[in-house]
Every structure is written in C-alpha cells, then in structure tokens.
Amino acid sequence: MRHRVLPLALLVFAACAGHPAGAPAPDSGMPPALAAIREDELKADLYALADDHFLGRESGTLDELKASAWIAERARAAGLAPAGDDGTYFQFWSMARARISPQSDIRIGQSSFKVNTDAIVMSRATAIVAAALVDVGDGKSLGSADLEGKAVVVQITQPKLFLPRDISLRPVRYLFAAAAEIAATLAPKRPAAIILIGDAVADSAWQFAGNWYRNGSYGLEFGETILGPATDTPVIWLKSSARPAVTAGQRLDAKLLFDQFRYPSVNVVAKVQGTDPALRGQYILFSAHQDHDGVKAAVAGDSIWNGADDNASVSVGILAIGRAFAKNPARRSALFVWHGAEEKGLIGSRYHALHPMVPKDSIVAVINADMIGGNHPDTAGLLGTQPPHLNSPDLVALGIRANAMVAHFVIDSLWDRPTHPEGWYFRSDHVPYANAGIPSLYFTSLPHPLYHTQRDEAPTINYPKLTRITKWMYTTGWLAATQTARVRMSRKP
Ligand SMILES: [Zn+2]
C-alpha cells in the first residue's frame with residue numbers, strides 16, 4: 001500500500017490582506033450593493049431554513065417542497081422575479097426512485113433476516129436465489145474453486161483502495177470499496193449470490209449506509225445510480241454479529257424484490273434582469289442546493305439532519321446576493337437556482353443543465369457554492385481553478401480579483417487537485433454545468449467533522465465567514481455581469 005503524505009503548504013493565489021477600506025473609485029469595479037449583504041439577515045435566514053421545522057429538507061419528501069416554498073417566498077420578498085415554469089418560481093421534475101421491497105425475504109438455514117434491519121441488499125436487481133453456502137474466507141485466494149451457482153460467503157477485510165485515515169465518510173467508502181473488489185473478483189466464478197460479513201469498520205457504516213439503502217437509489221432515470229458494487233449478482237451484507245448463523249453446508253433462500261416510484265423534486269428559479277439591452281439576454285447563474293438528509297435514526301437524541309452548513313449556508317447566501325442584484329442590477333442578468341435533490345446525486349442541477357429555464361448558451365458563468373460557513377476563518381476553497389477542472393481562466397481570474405477586492409481569503413487549492421483523495425470538485429452542483437460547457441467555479445469552506453451528521457446546525461456556523469464568502473461570490477458574479485467581454489470557456493474539465 002502506498003503511503004501518501006499530503007503537502008501542508010497552501011498555494012496562495014492572491015494575498016491582499018490589509019487592503020484599506022476607502023470609497024471605491026468609480027472604475028474600480030467594486031460592486032455597488034455590497035452593503036446589501038448583511039450578516040444579521042444571513043443569520044436570521046439560516047436559522048429559519050436550518051430549523052427543525054423543515055425536518056432536514058430531504059428531497060422526495062414534503063419537507064423539501066416546504067423549504068422550497070419558503071425560499072421562493074424569500075426570493076419574492078427580495079425583489080427577484082420568478083424564472084421557473086409558467087411564471088412561477090418552481091421547476092418541477094420527477095425523480096426515479098428504486099428500493100429493495102420490504103416484502104423481500106432472506107433465509108439462511110433456520111435463520112430469517114429482515115431486510116434493512118438484519119440484512120442490507122447492495123445489489124439492485126430482482127432475484128430469486130436458492131443455493132448452498134460456500135465459505136471462502138476473505139475471498140483473496142480462490143484458486144480454482146468451483147463457485148458457480150453457490151451462495152458465496154466472504155469476510156470483509158481491508159480493501160486494496162487506499163483510504164486516508166481522515167477521509168470523509170471513511171467507513172462507507174471502506175465498505176463500498178471492499179464490496180466492489182470482492183464482487184469483481186467473484187464475478188467470473190458466476191456465483192448465485194454473495195454474502196458479505198462485516199468487519200468492525202464495515203459494521204460502523206451500518207447505520208449510515210443502511211439509511212441510503214432503506215431509502216433506495218434516486219436518479220433522473222431508474223438504475224442510473226449505483227451505491228456499492230456494480231453487479232447483477234445478488235449481494236447481501238450482514239453484520240459481523242450474524243457470523244455464527246452463516247455456516248457452510250446451509251442454504252440461502254432469498255426472494256429479493258425491488259419497488260420503483262416516481263417522486264417529485266423541485267428547483268427554485270428566480271432572476272434579476274440586467275440593465276444593458278445588448279447584454280441582458282445573458283445570465284450569471286448563482287447556484288445552491290436547498291435539500292439535505294432529512295430524518296434518520298436518532299443520534300444523541302437528535303434525529304433531524306438540518307444541514308445548516310450543507311447547504312442552508314449557500315441557500316441563504318444567494319438570497320442575499322439576490323437582494324444585492326435587486327438593489328443594483330448589473331448589465332447582464334442574474335439567475336438564481338436553488339437545486340433540489342443534490343444529496344441524491346446532483347439530480348436537480350443535472351435536470352436544470354439539461355432543461356435550463358433560460359437558453360443554455362445564454363448562461364455566461366456558474367457561481368456555485370456548497371458549505372461556506374465552516375473551518376478556519378481566513379481560508380476558503382475555490383475549485384475549478386486547476387487542470388483538469390479548470391474550464392475558464394477568465395472566470396478564475398475574476399474570482400481571484402474579487403477575493404483581493406472584498407474577501408482576502410487564503411485560497412486552499414489542495415482540494416482542487418485531481419490527486420486529492422476526496423474528489424471534492426465532483427461533489428456539487430456546478431459539475432453538470434461544467435460538463436455542459438459552461439464556465440463554472442465552486443466556492444466552499446470545505447468539509448469538517450459535522451459534515452453529514454445531525455450536528456450540522458445553525459449555532460455552529462461562522463457567520464462573519466459566511467458573509468465574507470457571500471460577498472466574494474457576489475463580487476465575482478458582479479464582475480462577470482458588468483464587464484463588456486463575455487467570460488470565455490477554455491476547455492471541458
Ligand atoms: Zn452540499
């Protein structure tokens with residue numbers, strides 16, 4: 001296993017701390033409505049949106065729709081015009097949801113395993129299995145064993161994939177990597193089913209991963225989202241405590257049934273028209289997601305995942321940017337999109353990138369952000385700045401200039417590197433737009449220990465930092481919206 005040491009130095013693009021705060025010269029490019037972005041309003045909005053009232057805003061539930069209606073109402077109050085379907089603030093679409101049916105049945109010998117409680121089914125295809133169990137230990141030395149048509153029991157052990165100790169969601173990644181490696185090794189042997197027995201790390205992913213599988217997978221189409229091993233072979237995951245019930249010589253009898261549903265989700269879309277008749281047909285798109293993880297089994301007495309940083313922080317940030325544009329419109333128009341179902345796989349942004357509410361070619365730049373209220377007060381991530389993620393040096397230059405003008409962050413560029421193990425660049429709503437050939441930047445204060453836990457709550461947010469990144473995003477967008485030359489695309493990421 002390769003031992004990788006991450007370099008500690010941050011690469012600093014622009015350092016302009018101590019910039020004197022005087023009145024901007026008329027040609028400074030300083031946006032005129034910076035003062036409209038107020039910490040007290042951001043804080044009040046965030047406390048409202050991350051309140052238990054919205055029950056964690058899970059997409060595909062009424063809670064996300066409720067939160068979306070709240071955002072639309074705040075957008076209207078901010079003076080933004082509706083830009084959704086039929087003169088509304090909403091763009092609805094259907095999510096395709098598939099889940100293992102509670103009617104499924106799994107028996108091993110005399111033991112019955114209740115789906116989603118005693119056993120988690122990681123495969124996605126309906127299957128009827130009746131097969132004898134064969135135990136292959138950790139599955140690493142199969143030799144010429146004949147496993148065709150057998151239910152193969154494999155002990156999960158550490159996967160080959162290198163996972164840094166502090167990588168986010170490590171137990172889930174560990175489980176998925178181990179399951180994928182085992183499934184790939186066994187597939188050529190054509191087993192009837194694979195039964196995975198957890199080790200301590202996989203066991204610790206049970207609740208988190210179990211929530212995903214209970215809800216099922218979501219996408220624009222059925223079957224497009226894969227959680228865990230990509231195989232048609234039935235894969236059943238058991239906790240280590242089930243080990244004594246699973247012994248060679250017994251039989252697996254399983255009936256794995258899948259349910260499919262169509263669920264509604266929604267993007268909230270609003271705009272401020274530009275002032276220049278020649279340029280107002282072009283848009284700077286400010287992007288957030290309003291959904292989060294909803295309600296799960298209680299941890300320390302709290303069952304609501306409020307997603308204050310992820311991503312109420314940016315949802316209220318782009319509301320504030322909307323207030324600034326409504327006060328002083330730019331030459332180009334500003335479009336604001338609160339995407340639904342980001343947490344289910346960037347579904348809202350994928351939908352809007354395919355079916356934009358304004359012509360695709362009129363979107364000049366996407367200013368996306370995800371989580372902007374955490375970590376060190378003076379550092380922030382700006383992604384889409386380095387190859388292969390860089391798709392518009394023009395837009396990056398504006399982001400760096402805006403930082404020097406109003407924000408003065410030390411920009412953490414490590415997370416934009418293609419070698420970074422988190423793949424952070426690919427985990428937010430700018431990606432479908434970048435893939436569609438639109439200049440895109442991703443602002444983030446990066447993940448932290450509260451990320452995807454029930455403790456990501458309003459009192460933990462750094463409000464001065466939230467305000468500062470919001471002003472930085474506003475200024476970046478303002479520059480792109482006012483300069484005569486259109487921001488150019490350089491290359492696809
Ligand atoms: Zn997020």
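Whatever order the structure lists them in is the order used to number ligands and atoms, beginning at 1.
- The shortest non-hydrogen separation linking His448 to Asp309 is NE2-OD2, 2.8 Å.
- The Zn ion (ligand 1) does not have Glu342 among its coordinating residues (no N/O/S atom, backbone or side chain, under 2.8 Å).
- In summary, the side chains of Tyr433 and His352 do present a donor paired with an acceptor at a separation below 3.5 Å, with no hydrogens or angles considered.
- Distances from the Zn ion (ligand 1) to each N, O or S atom of Asp370 single out OD1 as the nearest.
- Asn375 places a side-chain N or O within 3.5 Å of a backbone atom of Pro447 that can act as its donor or acceptor partner.
- Looking at Thr482, its side chain never comes within 3.5 Å of a backbone N or O of Ala330 through a donor-acceptor pair.
- The Zn ion (ligand 1) has Asp310 among its coordinating residues (N/O/S atom, backbone or side chain, under 2.8 Å).
- Counting backbone and side-chain atoms alike, His292 contributes no N/O/S atom closer than 2.8 Å to the Zn ion (ligand 1).
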